[in-house]
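Here the structure is a predicted model, which is why all the values come from computation and not from measurement. A, B, ... follow the sequence lines: proteins, then strands. Residue 1 opens every chain. What you see below is based on every heavy atom in this structure, not just the backbone, and it leaves out hydrogens, waters and symmetry mates.
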Protein chains: 2
Amino acid sequence: MVAAYRRIAEAGFEGLRTRDVAAEAGVNIATLHYYFPTKEALIRGVVGHAMARFRTTFATGARPGEQLAAQLRGVRRLAMQEPELFVVMGELALRSGRDPAIAPIFKETIDAWRSTLRTLVHHAQSEGFVDRRLDPDTVASLVIAALNGLFMVPVAKAGSERIDRALAQLESFLGLKRSTRRS
Amino acid sequence: MVAAYRRIAEAGFEGLRTRDVAAEAGVNIATLHYYFPTKEALIRGVVGHAMARFRTTFATGARPGEQLAAQLRGVRRLAMQEPELFVVMGELALRSGRDPAIAPIFKETIDAWRSTLRTLVHHAQSEGFVDRRLDPDTVASLVIAALNGLFMVPVAKAGSERIDRALAQLESFLGLKRSTRRS
DNA sequence: TGCGCTCAATCAATCACTTGATGGAATATA
DNA sequence: TATATTCCATCAAGTGATTGATTGAGCGCA
């Protein structure tokens with residue numbers, strides 16, 4: 001249910017109340033329980049929705065040599081358009097550390113993401129955009145960590161231009177960008 | 001109170017119950033309320049404890065040229081020794097997005113961290129370890145994002161050797177390390 | 001005695017979830 | 001076609017359990 005998804009983005013897991021979800025969905029509490037017998041089932045629904053939404057980021061459309069850079073820009077654009085998605089993802093990431101039910105699902109999504117990035121890095125290497133001596137899997141892990149840190153942890157929100165600069169710096173490290181500005 | 005701190009690490013904010021905290025601390029509920037009149041006050045105590053604990057990371061002791069690398073290793077060591085700290089930090093980071101009471105405290109800590117890193121990058125540049133064309137503040141932001149993504153988001157926990165490689169790759173990007181292994 | 005601290009007992013509020021009933025569309029029966 | 005039956009979706013009104021917080025009586029020690 002999209003309503004629960006929105007509620008989590010607003011109030012987090014600690015503030016997730018079935019009453020509020022039902023209210024936001026415009027239905028009775030009993031109706032909500034008709035579709036989602038338990039709160040746990042509702043959360044599972046949210047997980048599925050969030051993961052599906054997040055996987056759309058992986059879809060690459062640009063030319064092979066620019067796919068990697070396009071991926072970074074795609075995540076950044078998604079973070080601007082749907083900040084709730086990253087809030088929910090962060091919430092789920094934290095919860096996956098103690099909830100064995102969603103841990104495998106979350107891990108699977110991240111693994112798929114890393115796999116995609118690994119391929120993109122490999123392609124970029126083949127075409128001379130990225131240093132061939134780098135290990136694609138390691139670079140993918142580092143990129144994921146940086147993006148997670150930038151967008152899932154709302155601390156960095158203290159200035160989107162800082163996020164832009166950090167992203168540009170990451171691209172520069174990867175060799176996708178020549179300009180390394182200063183001060 | 002350290003007990004509450006531990007409870008949050010175990011069950012997150014959503015699972016934080018004053019009763020459990022009192023039980024883990026080995027005191028009566030009323031005793032807990034004697035020291036922390038409200039749950040909010042208890043959380044403030046946890047925030048203070050976590051921040052103070054986290055700030056110890058900033059303390060640099062190595063030789064100027066190696067301070068930056070030492071900082072990265074220090075964070076990694078702390079993450080291995082006290083994983084709860086990073087769980088709590090992640091929980092606080094997420095909460096700071098919607099709780100105006102802890103948002104400024106958290107932001108202040110991160111700003112102090114970035115300031116420290118900025119200085120370290122600057123020093124490293126002065127001594128020729130890091131490319132002088134890089135913007136210290138931007139590099140600091142990227143490093144913080146990467147570390148946050150690696151340690152606060154427990155997703156990456158799928159293999160500490162992957163974390164090690166990603167960190168080594170980051171050091172390599174910064175110019176602190178020559179070896180860039182492959183596959 | 002007075003003060004810092006602790007305790008069992010209790011409260012009102014809130015939570016996830018249940019109950020029994022209702023209307024309406026689809027299907028079966030005549 | 002007309003009537004009876006079944007099933008799905010929804011609702012108002014609860015239920016018991018749990019929550020954060022309070023109370024007033026003690027305890028040990030200065």
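- Atom C1' of nucleotide D:dG20 and atom CD1 of B:I43 are separated by 12 Å, given to the nearest angstrom.
- With sequence neighbours excluded, the residues that form a salt bridge (Lys or Arg N to Asp or Glu O under 4.0 Å) with B:D99 are B:R95.
- Look at B:T38 and you'll find a side-chain N or O under 4.0 angstrom from OP1 or OP2 of D:dA21.
- B:R17 comes within 4.0 angstrom of sugar-phosphate atoms only, judged by non-hydrogen atoms across all strands, and of no base.
- Here the range on DNA chain C touched by chain A, meaning any atom under 4.0 Å from one of its heavy atoms, is C:dC15 to C:dT19.
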Listed pairs under 3.5 Å, donor-acceptor, residues 78-92 of chain B side chains, sequence neighbours left out:
{"unit_1": "B:E82", "atom_1": "OE1", "unit_2": "B:R53", "atom_2": "NE", "d": "3.4"}
{"unit_1": "B:E82", "atom_1": "OE2", "unit_2": "B:R53", "atom_2": "NE", "d": "3.2"}
{"unit_1": "B:E82", "atom_1": "OE2", "unit_2": "B:R53", "atom_2": "NH2", "d": "2.5"}
{"unit_1": "B:E91", "atom_1": "OE1", "unit_2": "A:R98", "atom_2": "NH2", "d": "2.9"}
{"unit_1": "B:E91", "atom_1": "OE2", "unit_2": "A:R98", "atom_2": "NH2", "d": "3.4"}

Under 3.5 Å between N/O atoms: give me all the protein pairs with nucleotides 22-30 of chain D, atom names plus distance.
none

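- When each of D:dT10, D:dC11, D:dT19 is scored by its nearest atom to the side-chain atoms of A:V27, the top-ranked nucleotide is D:dC11.
- Not counting sequence neighbours, A:R17 has no partner by the salt bridge (Lys or Arg N to Asp or Glu O under 4.0 Å) test.
- Clustering of Ile, Leu, Val, Met, Phe, Trp and Tyr by side-chain heavy atoms under 4.5 Å joins A:L94 with B:L94.
- Applying the side-chain hydrogen bond (donor to acceptor under 3.5 Å, both in side chains) definition to pairs two or more places apart or across chains, those involving residues 20-32 of chain A are A:R6-A:E24.
- Take B:A166 and apply the side-chain contact (heavy atoms from CB on, under 4.5 Å) test, not counting sequence neighbours, and it matches A:S141, A:L142, B:L150.
- Where A:R19 and B:R19 each meet DNA chain C at their nearest nucleotide, the meeting point lying more 5' is that of B:R19.
- Dashed line: the shortest gap from a side-chain N or O of A:T31 to OP1 or OP2 of D:dA9 is not under 4.0 Å.
- Using a distance-only test at 3.5 Å, with no hydrogens or angles considered, a donor-acceptor pair links the side chain of B:T119 to the main chain of B:S115.
- Contacts of B:T138 classified as side-chain contact (heavy atoms from CB on, under 4.5 Å), with partners at least two apart in sequence or in another chain: A:R165, A:Q169, B:D135.
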